[in-house]
Amino acid sequence: MRMLKFLLQKELKQIFRDPGIIRVLFIMPMVQLLILPLAADYEIKNINLGVVDQDHTEYSRILTNKIIASGYFKLKDYSPTFNQGLKAIELDKTDLILEIPPHFERDLVKDNQATLFVAVNAINGVKAGLGGAYVQQIIQGYNQDVRMQWIQAPRYNPQPTIDVTYSDWYNPHMNYRVFMVPGILVMLVTMIGSSFAANNIVREKEMGTIEQINVSPIKKYQFILGKLIPFWMLALSVLTIGLIIARVVYGIVPLGSYFTIYIFASIYLLAVLGLGLLLSTYAQTQQQSMLVSFFVTMIFNLLSGLYTPIESMPAWAQWVTKFNPVSYFIEVMRMVMLKGSGLMDIRFHIVAILGFALFFNGWAVLNYRKRTG
């Protein structure tokens, strides 16, 4: 323990002597946490709409106004023909074209049916999919309004009807910041832990002090712990500041216990830092370790379920997420903060992360012994 104490003092002094590390550790994640949740929003608005109205009737005007009044669309083009409207899409002036054919009102009144055509610019797949869905939903609502105006309901309706009411649990107002902030905080803690740990042993190699450490009476596991514990403490500090920002700036108060978050975060950081140290034992330069760490954490973040639900991924990707520690922490953060889950509810996640921690740190110790012993 005495040897480990000296190692920790040496590492902490080395960290705090470099003001650049402190800025990257604390200031940069906080700025990102203040900016990213404001931009990461699944709800798309201000979709540029082009209308080709070949009917020019009251019904076509009501439909157009209903779409614009929804708040999701901005009318950017009003063309007499579809070819002219398509040029607006080619010039990136509009994202979507609604073509109302001739005799739209007449067909709707006379034949009880009419056809509309929607053309979507699918270069941005997310915007195209949501924009088309929004238009379809608005048209269905408009269709229902028209039917209700025409149908004179009898005093007794012989047809059974089903009324559906629903509620959104755990996030009743569908606030995307409440959904995204916990995940973004996990992503930032992961990037800090893995990148700095990945540079740790490599820095000793470049400074030429690794040889002195190798000939000193320091055991291998003491050396790894001396490299791991300081950044473990700093990462928990970053998590604390992030939780404070989530509460003060975004008003996000966990329904569960902070104790549960810190217990899981402590184990999770052992796994992430162990991965960084493992990469550091293989790398020869800090540039090499940073690139490899960025590559690994990028894959972990993209397959974590933060931006895309895991259930919607291909089967092979869902299997990959089972070996992704980031996905477990994001799920736990959302469970504790939004649902109020406790330690018993996340026991399987804890066991999985413990397995990752033992695997990565054990591999790092064995690999360091093999390459430097």
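Count residues from 1 along the sequence. Note that the structure is a prediction, hence the values are computed from the model and not measured.
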Within the supplied structure, the quantity of interest is the number of heavy atoms (other residues, nucleotides, ligands) at a distance under 6.0 Å from Tyr78 OH; does it exceed 12? yes
Which class fits the ring pair Tyr268 and Phe329: parallel under 30°, tilted 30 to 60°, perpendicular over 60°? tilted
Given 3.5 Å as the limit, does a donor-acceptor pair link the side chain of Thr285 with the main chain of Gln288, or not? yes
Using modelled atom types only, decide if a donor and an acceptor are shared between the side chain of Trp232 and the backbone of Ser266 within a distance under 3.5 Å. yes
Looking at side-chain heavy atoms only, is the closest gap between Val186 and Val189 below 4.5 Å? no
Short side-chain donor-acceptor distance under 3.5 Å, Asn83 and Thr81: no
Mark yes or no for whether Ser280, through its side chain, and Gly276, through its backbone, hold a donor-acceptor pair below 3.5 Å. no
If I compare all heavy atoms of Val181 with all of Ala246, which pair ends up nearest, and what's the gap? CG1-CB, 3.8 Å
Looking only at side-chain N and O atoms, does Thr94 offer a donor or acceptor that is under 3.5 Å from a partner on Asn48? no
Flag, side chain of Thr260 to backbone of Gly256, donor-acceptor distance under 3.5 Å: no
Verify the neighbour count for atom CE of Met191: are there more than 12 heavy atoms of other residues, nucleotides or ligands below 6.0 Å? no
Taking atom types as modelled and ignoring hydrogens, do the side chains of Ser60 and Asp53 form a donor-acceptor contact shorter than 3.5 angstrom? yes
Using 30° and 60° as the class boundaries, would you call the ring planes of Tyr258 and Tyr262 parallel, tilted or perpendicular? tilted
Ring centroid separation for Phe104 and Tyr59, is it under 6.0 angstrom? no
Side chain Asp55, main chain His103, donor-acceptor under 3.5 Å: yes
Rounding to 0.5 Å, atoms CG (Asn65) and OG (Ser70) come to a distance of 11.0 Å
Does Ile330 reach the side chain of Pro182, with side-chain heavy atoms less than 4.5 Å apart? no
Which heavy atom in Gly85 sits nearest to a heavy atom in Val52, and how many Å separate them? CA-CG2, 4.4 Å
Any side-chain to backbone donor/acceptor pair from Ser293 onto Ser289? Under 3.5 Å, distance only. no
With heavy-atom distances below 4.5 Å as the criterion, would you say the side chains of Glu90 and Lys87 are in contact? yes
For residues Val51 and Ile67, determine if any side-chain heavy atom of one lies less than 4.5 Å from a side-chain heavy atom of the other. no
Gap between atom CD1 of Ile241 and atom CG of Leu185 - 0.5 Å precision: 10.5 Å
Could you check whether any side-chain heavy atom of Leu96 comes within less than 4.5 Å of a side-chain heavy atom of Val135, counting everything from C-beta outward? yes
May I ask you to test the Val365-Asn361 pair for a side-chain heavy-atom distance under 4.5 Å? no
With Lys66 via salt bridge (Lys or Arg N to Asp or Glu O under 4.0 Å) - residues at least two apart: Asp145
Quick check: Phe82 with Phe117 (ring centres under 6.0 Å apart)? yes
Heavy-atom distance under 4.5 Å between the side chains of Val320 and Met313, does that happen here? no
Quick one: closest heavy-atom pair of Thr57 and Glu105, and the distance? CB-OE1, 3.0 Å
Which heavy atom in Lys93 sits nearest to a heavy atom in Lys76, and how many Å separate them? O-CB, 3.7 Å
Check whether any side-chain heavy atom of Gln54 lies under 4.5 Å from a side-chain heavy atom of Glu99, and answer yes or no. yes
If the condition is ring-ring contact (aromatic ring centres under 6.0 Å, His included), which residues does Phe300 pass it with, not counting sequence neighbours? none
Taking Thr321's backbone N and O only, do any of them form a donor-acceptor pair with Ser327's side chain (distance below 3.5 Å, no angle check)? yes
How about Gln84 and Ser79: does a side-chain donor come under 3.5 Å of a side-chain acceptor? no
For the student: nearest non-hydrogen atoms of Tyr328 and Ala352, plus distance: CE2-CB, 3.8 Å
Between the main-chain N or O of Leu303 and the side-chain N or O of Asn324, is there a donor-acceptor pair closer than 3.5 Å? yes
Let me have the donor-acceptor pairs involving side chains of residues 342-349, under 3.5 Å, with sequence neighbours excluded, atom names and distances please.
| residue | atom | partner | partner atom | Å |
| --- | --- | --- | --- | --- |
| Asp345 | OD2 | Gly342 | N | 2.9 |
| Arg347 | NH1 | Met344 | O | 2.3 |
| His349 | NE2 | Glu331 | OE1 | 3.4 |

Under 3.5 Å donor-acceptor, Asp77 side chain and Leu49 backbone: no
Just how far is it from atom CZ of Phe294 to atom CD1 of Ile299, taken to the nearest 0.5 Å? 10.5 Å
Which atom names give the shortest non-hydrogen contact between Tyr250 and Pro37, and what distance separates them? OH-CG, 3.5 Å
Donor-acceptor contact present, side-chain Asn301 to main-chain Thr297, <3.5 Å: yes
